[in-house]
Amino acid sequence: MRTITARPMTAEAFAPFGDVLALGETPTKMINAGMCGRHHDLAALDFGDGRAGISLFDATPRALPYTLDLMERHPEGSQAFIPMHRAEWLVTVAPDVGGVPGDPLAFMVAPGQGINLHRGTWHGVLTPLAAPGLFAVLDRIGAGANLQEHPLDPPWTVTA
């Protein structure tokens, strides 16, 4: 089995695949009579000819080392994952190589961080590492197939 080591999530390293949703050093502006910092417009959402939808996902936690044996992508729209917990979680992504996933990369997403996957980005399944595995997900709702899956044979082992 092939092995990859998860690296810390940074906006620079993740940029080819999507956006990191996290608080900046200072808010874009203060709202609510100065009691709330707004960190504004953190992701490039893309819903093609569909509309934005908000869903809640309740995923079973996984453990490291993790076996990455399936990747998927959404050709019709972006997909944002916003954790509703304060635990570290795992994201796996891969470049597209001729219509299939290339060699994957793995990122440890810090507590309080979310991600937005660009339209068409190959990624592993939602992978919380602790309970609860609760996430708000913003993605495309609309007609047409918006899911392509690709089994990985042989699979990859992801370590920390």
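Only this structure's heavy atoms are used, side chains among them; waters, hydrogens and symmetry mates stay out.
Among pairs with a residue in residues 111-136, those fulfilling salt bridge (Lys or Arg N to Asp or Glu O under 4.0 Å) read Asp46-Arg119, Glu76-Arg119, at least two apart in sequence or across chains. Identified under the ring-ring contact (aromatic ring centres under 6.0 Å, His included) test for residues 4-23, with sequence neighbours left out: Phe14-Phe107. Pairs passing the salt bridge (Lys or Arg N to Asp or Glu O under 4.0 Å) check and including a residue from residues 85-96, sequence neighbours excluded, read Arg73-Asp96. Residue pairs meeting the salt bridge (Lys or Arg N to Asp or Glu O under 4.0 Å) criterion with at least one member in residues 15-32: none, sequence neighbours excluded. Applying the ring-ring contact (aromatic ring centres under 6.0 Å, His included) definition to pairs two or more places apart or across chains, none involves residues 19-64.
Note that the OG1 atom of Thr121 and the CD atom of Gln79 stand 10.0 Å from one another [nearest 0.5 Å]. From Ser78, atom OG reaches atom CG of Asp139 across 8.0 Å, with rounding to the nearest 0.5 Å.
In terms of heavy atoms, Gly124 sits closest to Met71 at N-CE, 3.6 Å. Residues Ala44 and Asn116 approach most closely at O-ND2, 3.2 Å, considering heavy atoms. Scanning both residues, Ala59 and Leu126, for their nearest heavy atoms gives CB-CD2, 3.8 Å. When all heavy atoms of Pro83 and Gly114 are compared, the pair lying nearest together is CD-CA, 3.8 Å. Taking both residues in full, the closest heavy atoms of Pro61 and Ala131 are given as CG-N, 3.5 Å, listed atom of the first, atom of the second, then distance. Between Arg62 and Thr127, the shortest heavy-atom contact is CG-CG2, 3.7 Å.
With a 4.5 Å cut-off between side-chain heavy atoms of Ile, Leu, Val, Met, Phe, Trp and Tyr, the cluster of Met84 takes in Leu56, Leu134. As a member of the Ile/Leu/Val/Met/Phe/Trp/Tyr network built from side-chain separations under 4.5 Å, Ile141 groups with nothing else and remains a singleton. Other members of the cluster containing Val97 do not exist, because no ILVMFWY side chain is joined to it at under 4.5 Å.
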Pair Asp103-Trp156, side chain to side chain contact (heavy atoms under 4.5 Å, CB included): steps then yes or no: CA-CA 9 Å; Asp103 289 349; Trp156 292 79; 3.5 Å; yes
Worked verdict on Ile82 versus Leu21 for side chain to side chain contact (heavy atoms under 4.5 Å, CB included): CA-CA 8 Å; Ile82 303 166; Leu21 309 176; 4.0 Å; yes
Derivation of the side chain to side chain contact (heavy atoms under 4.5 Å, CB included) call for Leu68 and Leu152: CA-CA 7 Å; Leu68 176 64; Leu152 300 177; 3.8 Å; yes
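For Asp49, the salt bridge (Lys or Arg N to Asp or Glu O under 4.0 Å) partners at least two apart in sequence or on another chain are Arg140. Residues passing the side-chain contact (heavy atoms from CB on, under 4.5 Å) test with Glu72, sequence neighbours excluded: His74, His123, Val125, Leu147, Glu149. Residues that satisfy the side chain to side chain donor-acceptor pair (under 3.5 Å) test with His118, not counting sequence neighbours, are absent from this structure. For Asn146, there are no side chain to side chain donor-acceptor pair (under 3.5 Å) partners at least two apart in sequence or on another chain.
No chain of hydrophobic side-chain contacts below 4.5 Å, direct or via other Ile, Leu, Val, Met, Phe, Trp or Tyr residues, connects Leu117 to Leu70. Each of Ile4 and Val100 belongs to its own hydrophobic cluster when Ile, Leu, Val, Met, Phe, Trp and Tyr are linked at side-chain heavy-atom distances under 4.5 angstrom. Hydrophobic clustering (side-chain heavy atoms under 4.5 Å, transitive across Ile, Leu, Val, Met, Phe, Trp, Tyr) keeps Phe81 apart from Trp122. Side-chain heavy atoms closer than 4.5 Å link hydrophobic residues (I, L, V, M, F, W, Y) into clusters, and following such links, possibly through other members, connects Val109 to Leu105.
At least one side-chain heavy atom of His85 sits under 4.5 Å from a side-chain heavy atom of Pro132. For the pair Leu64 and Leu129, the minimum side-chain heavy-atom distance is below 4.5 Å. At a threshold of 4.5 Å between non-hydrogen side-chain atoms, the residues Arg2 and Pro154 count as touching. Counting heavy atoms from C-beta on, the side chains of Met108 and Val91 never come closer than 4.5 Å.
Within the 6.0 Å centre-distance limit, the rings of Trp89 and Phe135 are counted as a close aromatic pair.
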